[in-house]
> 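The structure's right below; bear with me while I get my questions together.
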Amino acid sequence: QVQVAESGGGLVQPGGSLRLSCVASGRTFSSYTMGWFRQAPGKEREFVAAISWSGGSTRYAASVRGRFTISRDNAKNTVYLQMNSLKPEDTAGYYCAAASTANRNYVSTSYYEYGFWGQGTQVTVSS
């Protein structure tokens with residue numbers, strides 16, 4: 001199995017940028033689809049972005065498409081979420097997750113398919 005840990009959250013003004021990182025340890029990071037989810041107080045955890053283990057396929061929630069970019073570096077066992085043009089409604093705890101798959105181009109947006117989760121990193125967008 002794999003363990004994941006997020007970093008890079010913080011306080012940023014509207015319109016600003018942040019880059020989240022998620023470092024994985026354990027077995028064969030490159031065979032895991034990686035995803036980012038977020039959860040705001042009083043709301044359910046929601047899908048943000050995901051990337052296949054080949055890096056060739058990505059998916060985004062409609063609310064972040066064009067502003068956020070997910071990428072991965074398998075040599076560093078790290079997945080990134082570059083967040084630009086941040087809005088107050090992006091405020092949430094952001095969670096990195098891993099889903100084991102044999103399909104190098106598979107991407108999942110479903111919370112239930114991700115078996116390994118980090119502790120989360122807080123992103124607050126406020127002036």
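The structure displayed is predicted, hence computed values, not measured ones.
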> What are the two closest heavy atoms between Gly35 and Tyr114, and how far apart are they?
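Where Gly35 meets Tyr114 most closely, the heavy atoms are N-CE2, 3.5 Å.
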> Any cation-pi pair here, Arg65 with Tyr60, using under 6.0 Å and within 45°?
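Judged by the rule (NZ or CZ under 6.0 Å from the ring centre, within 45° of its axis), Arg65 is not positioned above Tyr60.
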> Quick one, Ser63 with Arg38, criterion side chain to side chain contact (heavy atoms under 4.5 Å, CB included). Give me CA distance, side-chain angles, the key distance, then yes/no.
CA-CA 12 Å; Ser63 59; Arg38 67 186 181 186; 3.5 Å; yes
> Between atom CD1 of Ile51 and atom OH of Tyr106, what is the distance when rounded to the nearest 0.5 Å?
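Answer rounded to 0.5 Å: 15.0 Å.
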> For residues Leu81 and Val64: do they belong to one hydrophobic cluster (side chain heavy atoms under 4.5 Å, members Ile, Leu, Val, Met, Phe, Trp, Tyr)?
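As far as the 4.5 Å side-chain criterion goes, Val64 and Leu81 are connected within one cluster.
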> If you count every heavy atom of other residues, nucleotides or ligands that lies below 6.0 Å from Glu89 atom CD, does the total exceed 12?
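Result for CD/Glu89: enclosed.
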> Whether the side chain of Ser127 engages the backbone of Gln13 through a donor-acceptor N/O pair (distance < 3.5 Å, no angle test) should be reported.
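Not a single qualifying donor-acceptor pair exists.
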> Quick check for you: to the nearest 0.5 Å, what is the distance between Thr58 atom OG1 and Phe68 atom CZ?
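Result: 14.5 Å between the selected atoms.
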> When rounded to the nearest 0.5 angstrom, what is the spacing between OG in Ser7 and CZ in Arg19?
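The distance works out to 9.0 Å.
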> Quick check on ring pair (Phe, Tyr, Trp, His ring centres under 6.0 Å): which of Tyr112, Phe47, Tyr94 does Phe37 satisfy it with?
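Answer to the ring pair (Phe, Tyr, Trp, His ring centres under 6.0 Å) test with Phe37 among Tyr112, Phe47, Tyr94: Phe47.
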> Ignoring hydrogens and angles, tell me if any N or O in the side chain of Gln119 forms a donor-acceptor pair with the backbone of Glu6 under 3.5 Å.
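Between the backbone of Glu6 and the side chain of Gln119 there is no qualifying donor-acceptor contact (under 3.5 Å).
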> Write down the atom of Ala92, the atom of Ala40, and the distance for their closest heavy-atom approach.
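Shortest heavy-atom separation between Ala92 and Ala40 comes out as CB-N, 3.9 Å.
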> Flag yes if Tyr95 and Met34 sit in one hydrophobic cluster, no otherwise; membership is Ile, Leu, Val, Met, Phe, Trp, Tyr, and two members link when side-chain heavy atoms are under 4.5 Å apart.
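Unlinked, Tyr95 and Met34 end up in two clusters.
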> Within this structure, what is the CG-OG1 distance for the pair Leu20 and Thr78, rounded to the nearest 0.5 Å?
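Those atoms lie 12.5 Å apart.
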> Group every Ile, Leu, Val, Met, Phe, Trp and Tyr by side-chain heavy-atom contacts under 4.5 Å, then state whether Met83 and Val12 land in the same group.
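Result: yes, single cluster for both.
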> So how far is it from Thr91 OG1 to Gln122 CD, rounded to the nearest 0.5 Å?
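Reported value, rounded in 0.5 Å steps: 7.0 Å.
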> Rounded to the nearest 0.5 Å, what's the gap from OG on Ser31 to CG on Asn103? Could you check?
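It is 12.0 Å, given to the nearest 0.5 Å.
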> Spell out, yes or no, whether Trp36 and Val2 are grouped together once hydrophobic residues are joined by side-chain heavy atoms under 4.5 Å, including indirect joins.
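Trp36 and Val2: one cluster.
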> For Arg67, does the CZ atom have more than 12 heavy-atom neighbours from other residues, nucleotides or ligands under 6.0 Å away?
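For Arg67, atom CZ is crowded (more than 12 foreign heavy atoms under 6.0 Å).
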> Less than 3.5 Å apart, any donor N or O on the side chain of Ser110 or Ser108 sitting next to an acceptor on the other?
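No donor-acceptor contact under 3.5 Å links the two side chains.
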> Backbone N or O of Ser57 within a donor-acceptor pair of the Ser52 side chain at under 3.5 Å?
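Side chain of Ser52 to backbone of Ser57, a donor-acceptor pair under 3.5 Å: yes, one is there.
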> Is there a donor-acceptor contact under 3.5 Å linking the side chains of Asn105 and Ser54?
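Present: a donor and an acceptor within the cut-off.
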> Would Ile70 and Val4 show up in the same hydrophobic cluster when neighbours are defined by side-chain heavy atoms closer than 4.5 Å?
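Yes; Val4 is reachable from Ile70 via cluster members.
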> So, using side-chain hydrogen bond (donor to acceptor under 3.5 Å, both in side chains) as the criterion, who are the partners of Arg45 when residues are at least two apart?
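Only Gln39 meet the side-chain hydrogen bond (donor to acceptor under 3.5 Å, both in side chains) criterion with Arg45.
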